Amino acid sequence: MDYNRIEEKWQKKWEETGLYKFDERSKKKKFYVLEMFSYPSGAKLHVGHWYNYGLTDSYARFKRMQGYNVFHPMGFDAFGLPAENYAIKTGIHPMDSTIANIETMEHQLKRMGATFDWNTEVKTCMPDYYRWTQWCFLQLYKHGLAYRKEMPVNWCPSCNTTLANEQVLSDGTCERCGTPVTRKHLTQWCFRITKYAEELLSGLDTLDWPEKTKLMQKNWIGKSVGGEVFFKTESGREFSVFTTRPDTLFGVTYVVFSPEHAMVDEITTPEQKAEIEAYKEYAAKASEIERQSSTREKTGAFTGSYAINPINGRKVPIYISDYVLATYGTGIVMGVPAHDERDFEFATKYGLPIEPVIGYKDGEAHPLPSHEYGYMINSGEFNGLSSEEGKKAVLAALKEKGLGGEKVTYRLRDWIISRQRYWGCPIPMVHCPHCGVVPIPEDQLPLKLPYDVDFTPDGTSPLLKCEEFMNTTCPVCGAPARRDPDTMDTFMCSSWYFLRYCDSHNDKAAWDREKVDALCPVDTYVGGAEHACMHLIYARFFVKAFRDMGYLDFDEPFLRLVHQGTILGPDGYKMSKSRGNVISPDTYIQKYGSDVFRMYLQFGFAYIEGGRWNDDGIKSVARFLERVERLAERAKGLRGANAKEDAAGGELDYVRANTIKAVGNDLDRFQFNTAIARMMEYVNALYKYVDGGAVNGRHLEAAVKDLLLILAPFAPHFTEELWEQAGYPYSIFNQEWPQYDEASLTRQEVEYGVQVNGKIRARITLPAGLSAEEVEKAAMEQQAVQNAMAGKSVRKVIVVRNIVNIVVG
RNA sequence: GCGCAUGUGGUGGAACGGCAUACACAGCGGACUUAAAAUCCGCCGGGGAAACCUUACGGGUUCAAAUCCCGUCAUGCGCACCA
């Protein structure tokens, strides 16, 4: 078969007939299949695109044939740094390169032969899309979920922009470029994602997502249950600390503030001022990596002030140290050196008392330092309580006196979305000298990103240099005002695109609630695991926030999530230009066609695992399709054959039913490799049947028809062609997934494995439906079994499924 | 450091606690052919005469373990002073 010719033929026909156009009015049950949309890069589609889009397309086709009204849109996540960096290097404007890249990619994606409904396409860098991204921002602002704040932020000196916590890798480097991240004090826009911390956590239980991804989100949200304790300084100034160990409250021998804490200046005594200032400077200089290292030596400085422990009135010194994080809890920690390794280290260095308050049941102290639970000692009225009881008792006592109480803290921080870059969605806010920060009225959106901007990086927002853009008037008072010079994090654009797909041409609203509620949530979402704590958290936040604002009516965006694995280069490393190990799909597609290439990706790897590229098996897939083609031709020629009854209920019928069932199950689980293996077995069985003589033409035709149908999702062009050649009506994708005959799944003969003491000794084939006793009797008669049992007596015989285990001794 | 996952032939990879190595690739042998390609058929974990031994390694649970439990090692991923 001339693959390239038939691919073109069918792609054209599919497009002309609008085969994959989504029908909103269909009575069938909807099914929303979505792959994470892609960044429009200038390069050709790489193996990863094929692996993600091509394989998921097979799943979408399968769902369609199963009778669902499948919604399968595609679009482009088009704002972002690569286009801007490319522009800085080449002088080609990001808008120009992006539009050109999108066109190229659209063309290539169409050549993949996937079921995307291009009618609903979105491109996030176009005003008709980002107008509504800005609208989303305004809604969040109006509902108190967006705020502006000066704060220490993660700054990538290479990308010249702020990063969200989620975009800083655990080694303190930029997620995008690998440069060590520094800190900067900036006033930035933030989204109050922390408001949804609890629901983002509890909602995970309702999702059919990889456990690992759920766990990562869970850890990222980082819920800690503990308590807060109100301390006072000697001069009566109150502050609170968060602790997960209220049972150690009697062991507090000092208190530490983070160096950035706003109260530090106030509590520093004049004598200590110089020392504290010096330390603050020292701490500010430390890089994020240094500061986050748990092996970093504990350092600090004494403020000169003392705090009163509310539980026992004890006076303890107040220090500052950069081992205390400004952004977690209250930014202040109670120092319990006996029961916390970090506090122990700090106290040892500064000669602070270390006093055990947790011990064994008999009252003996734990060896120090120890964070183990135990029983309270040296704790007055609380002595003898277990840590668990003690936590509750101490907090209850504090609560009664208004000195503290239970408290839950999350590790999750608010999402900083301001970016000091050009190629992004402008922030629809105005800074007025009289009215302050004022939102742009919704009917004035979109706030367009100006085209002519000098975006050479200099550490400030490029838009600042564009006076035309920056100068405006205040929407409230009309006075001259300035726009916000930053753009939004591109994760903002991708937090709601799956909603826009449902209503992508709407120019009156971001989406129509009815349409979104009808199509969402996404039933199956497929994309890389690297988004676990970024896009996949942000999108969940958006859905919850817009639900609460009344714009939609569901709780979670993605009911089921599948991560495809990564296809590595032949050398086992991630494919990259710099390594020179990039495999181009094109060479294979030219040689074998896109169906073969897609099928090889399905057959040669476990989808979830991915693996090292190796094309050894690609010929096997080509060979398989050729075998199918020859078989279809023979079946056609044999249509009139026979007439004689052939063995109905025979091996072929069994394999046929079993294959239909197995392939369907495998597809639902994204186990493409085993599905194809089953089809190969089926084809082998069909050849056996055809070569075996006694062929019933109608029986054969029906069996081959089923083969084409189950193969269709995997090799769409190929099967559409054979379907036509067989004389069936267009299109194979309007056919239903074949039913199988349940009765055929029961074989008339069953093969039993016979074990003696768990070791296989013989295999016997018996008619189906024998009683356990009959099977046991037949098993015992086997010579090999007799030999193994020789001289021993039977203790027990187990007959389960198709195993007989004779226990002797 | 903490958490999670993974470890199966020469290779990619299969196996609701139930006959380990399905389906393929590669390799070997054969048929067809003047020959090659293509196609078709057979063999294909190790060792051996046999008994046996094999799912990273060592224990355990079970009639039965690649699968469950404990420990070790290796690899990958995530988090990393979160009080």
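Letters A, B, ... mirror the listed sequences (proteins, then strands); counts begin at 1. What you are looking at is a predicted structure, and each value in this text was computed from that prediction instead of being measured.
- Ranking B:A22, B:A24, B:A83 by closeness to the A:Val333 side chain, first place goes to B:A83.
- Judged by distance alone, the side chain of A:Ser771 and the main-chain N or O of A:Glu774 form a donor-acceptor pair under 3.5 Å.
- Residue-level contact check: A:Gly227 touches neither bases nor backbone, having no heavy atom under 4.0 Å from any strand.
- Within 4.0 Å of A:Val807, counting heavy atoms only, lie sugar-phosphate atoms of the nucleic acid but no base atom.
- The residue A:Arg630 sits close only to the backbone: its heavy atoms come under 4.0 Å of sugar-phosphate atoms, none of a base.
- Distance A:Asn165 CG to B:G78 C1': 16 Å, rounded to the nearest Å.
- Contacts of A:Leu215 with the nucleic acid, taken as non-hydrogen atoms under 4.0 Å apart, involve only primed sugar atoms and P, OP1 or OP2.
- One can place CD of A:Glu175 at 11 Å from P of B:G78, the figure rounded to the nearest angstrom.
- Looking at the side chain of A:Glu626, the nearest of the listed nucleotides B:C79, B:U39, B:A24 is B:U39.
- Side-chain proximity of A:Lys212 to the nucleotides B:G3, B:A22, B:U39 is greatest for B:G3.
- Here A:Ser224 reaches the OP1 or OP2 of B:A83: one of its side-chain N or O atoms lies under 4.0 Å away.
- Comparing B:A83, B:C79, B:A14 by their closest approach to the side chain of A:Thr244 singles out B:A83.
- Within 4.0 Å of A:Glu341, counting heavy atoms only, lies no atom of the nucleic acid at all.
- Considering only the side chain of A:Gln671, B:A15 comes nearest among B:C25, B:G18, B:A15.
- The shortest distance between the side-chain N/O atoms of A:Tyr752 and the OP1/OP2 oxygens of B:C19 is not below 4.0 Å.
- Nucleotide B:A56 is matched to B:U72 when pairs are restricted to Watson-Crick or G-U wobble geometry with both distances under 3.5 angstrom.
- If you check B:C63, B:A24, B:C19 against the side chain of A:Asn805, the one that comes closest is B:C63.
- The phosphate of B:C53 has OP1 or OP2 within less than 4.0 Å of a side-chain N or O from A:Lys759.
- For the C1' atoms, the distance from B:C68 to B:A50 is 35 Å, rounded to whole Å.
- The 5' end of RNA chain B is approached more closely, in terms of each residue's nearest nucleotide, by A:Arg627 than by the other of A:Thr330 and A:Arg627.
- B:A56 and B:U21 have their P atoms separated by 16 Å, with the value rounded to a whole Å.
- A:Ile760 places its CD1 atom 16 Å from the C1' atom of B:C52, with the value rounded to the nearest Å.
- Of the residues listed (A:Pro246, A:Pro310, A:Ser240), the one engaging A:Val229 in a side chain to side chain contact (heavy atoms under 4.5 Å, CB included) is A:Pro310, and it is the only one.
- Checked against a 6.0 Å centroid threshold, the rings of A:Phe603 and A:Phe714 do not count as neighbours.
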Going through the distances and angles, do A:His563 and A:Thr213 end up as a side chain to side chain donor-acceptor pair (under 3.5 Å)?
CA-CA 9 Å; A:His563 294 309; A:Thr213 306; 2.7 Å; yes
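- Pair check for B:A51 finds none; no Watson-Crick or G-U wobble contact set falls under 3.5 Å.
- Across the C1' atoms, B:C43 and B:G76 are found 37 Å apart, a figure rounded to whole Å.
- Although no hydrogens or angles enter the test, the distance criterion places a donor-acceptor pair under 3.5 Å between the side chain of A:Gln786 and the main chain of A:Met780.
- No contact: A:Glu345 has no heavy atom under 4.0 Å from any strand.
- In this structure, A:Asn684 reaches the B:A24 phosphate: one of its side-chain N or O atoms is under 4.0 Å from OP1 or OP2.
- Side chain of A:Arg761, nearest nucleotide from B:C19, B:A80, B:C52: B:C52.
- Nucleotide B:U8 holds its C1' atom 13 Å from the CD atom of A:Glu609, rounded to whole Å.
- One N or O donor and one acceptor, one from the side chain of A:Glu751 and one from the base of B:C19, sit under 3.5 Å apart.
- Rounded to a whole angstrom, the distance from the C1' atom of B:A20 to that of B:U33 is 41 Å.
- Listed nucleotides: B:A20, B:A24, B:G18. Nearest to the side chain of A:Met680: B:A24.
- Between B:G18, B:A24, B:C23, one nucleotide has an atom nearer to the side chain of A:Ala677 than all others, and that is B:C23.
- Residue side chain A:Asp616 does not reach the base of B:C25 through any donor-acceptor N/O pair under 3.5 Å, judged by distance alone.
- One can place CD of A:Glu211 at 18 Å from P of B:G3, the figure rounded to the nearest angstrom.
- The separation between A:Asn219 atom CG and B:C77 atom P is 17 Å, rounded to whole Å.
- Nucleotides B:U55 and B:G10, compared at atom P, are 13 Å apart to the nearest Å.
- One C1' atom belongs to B:C25, the other to B:G47, and the distance between them is 26 Å to the nearest Å.
- Heavy-atom distances to RNA chain B give each of A:Gly331 and A:Ala606 a nearest nucleotide, and the one nearer the 5′ end belongs to A:Ala606.
- In this structure, A:Val324 reaches the bases: a heavy-atom distance under 4.0 Å links it to at least one base atom across the strands shown.
- Judged by Watson-Crick or G-U wobble contacts below 3.5 Å, the nucleotide B:C44 has no partner.
- Between A:Glu355 and A:Arg314 a salt bridge is recorded (basic side-chain N to carboxylate O distance below 4.0 Å).
- A glycosidic torsion no more than 90° from 0 defines the syn conformation, and B:G9 adopts it.
- For A:Arg623 and A:Glu626, the salt-bridge test fails: no basic side-chain N is under 4.0 Å from an acidic carboxylate O.
- Taking side-chain N and O atoms only, A:Arg623 has a distance below 4.0 Å to OP1 or OP2 of B:C25.
- Aromatic ring centres of A:Phe239 and A:Phe231: separated by under 6.0 Å.
- Closest contact between the side chain of A:Phe603 and the listed nucleotides B:G12, B:C19, B:C63 involves B:G12.
- For the C1' atom pair drawn from B:C52 and B:G42, the interatomic distance equals 27 Å after rounding to whole Å.
- A:Lys298 comes within contact range of at least one nucleobase, with a heavy-atom separation under 4.0 Å.
- At a threshold of 4.0 angstrom between heavy atoms, the contacts of A:Glu228 with the nucleic acid are absent.
- Here A:Asn673 reaches the OP1 or OP2 of B:A14: one of its side-chain N or O atoms lies under 4.0 Å away.
- The distance between atom CD1 of A:Ile618 and atom P of B:G13, rounded to the nearest whole Å, is 15 Å.
- Following rounding to the nearest Å, A:Trp613 (CH2) and B:G13 (P) show an atom-to-atom distance of 12 Å.
- For B:A22 and B:A5, the C1' atoms lie 25 Å apart once the distance is rounded to whole Å.
- Checked against the 6.0 Å centroid threshold, A:Tyr588 and A:Trp613 count as a close aromatic pair.
- B:C79: Watson-Crick or G-U partner is B:G1, with both key distances under 3.5 Å.
- Between A:Lys349 and A:Glu297 there is a salt bridge, since a side-chain N of the basic residue sits under 4.0 Å from a carboxylate O of the acidic one.
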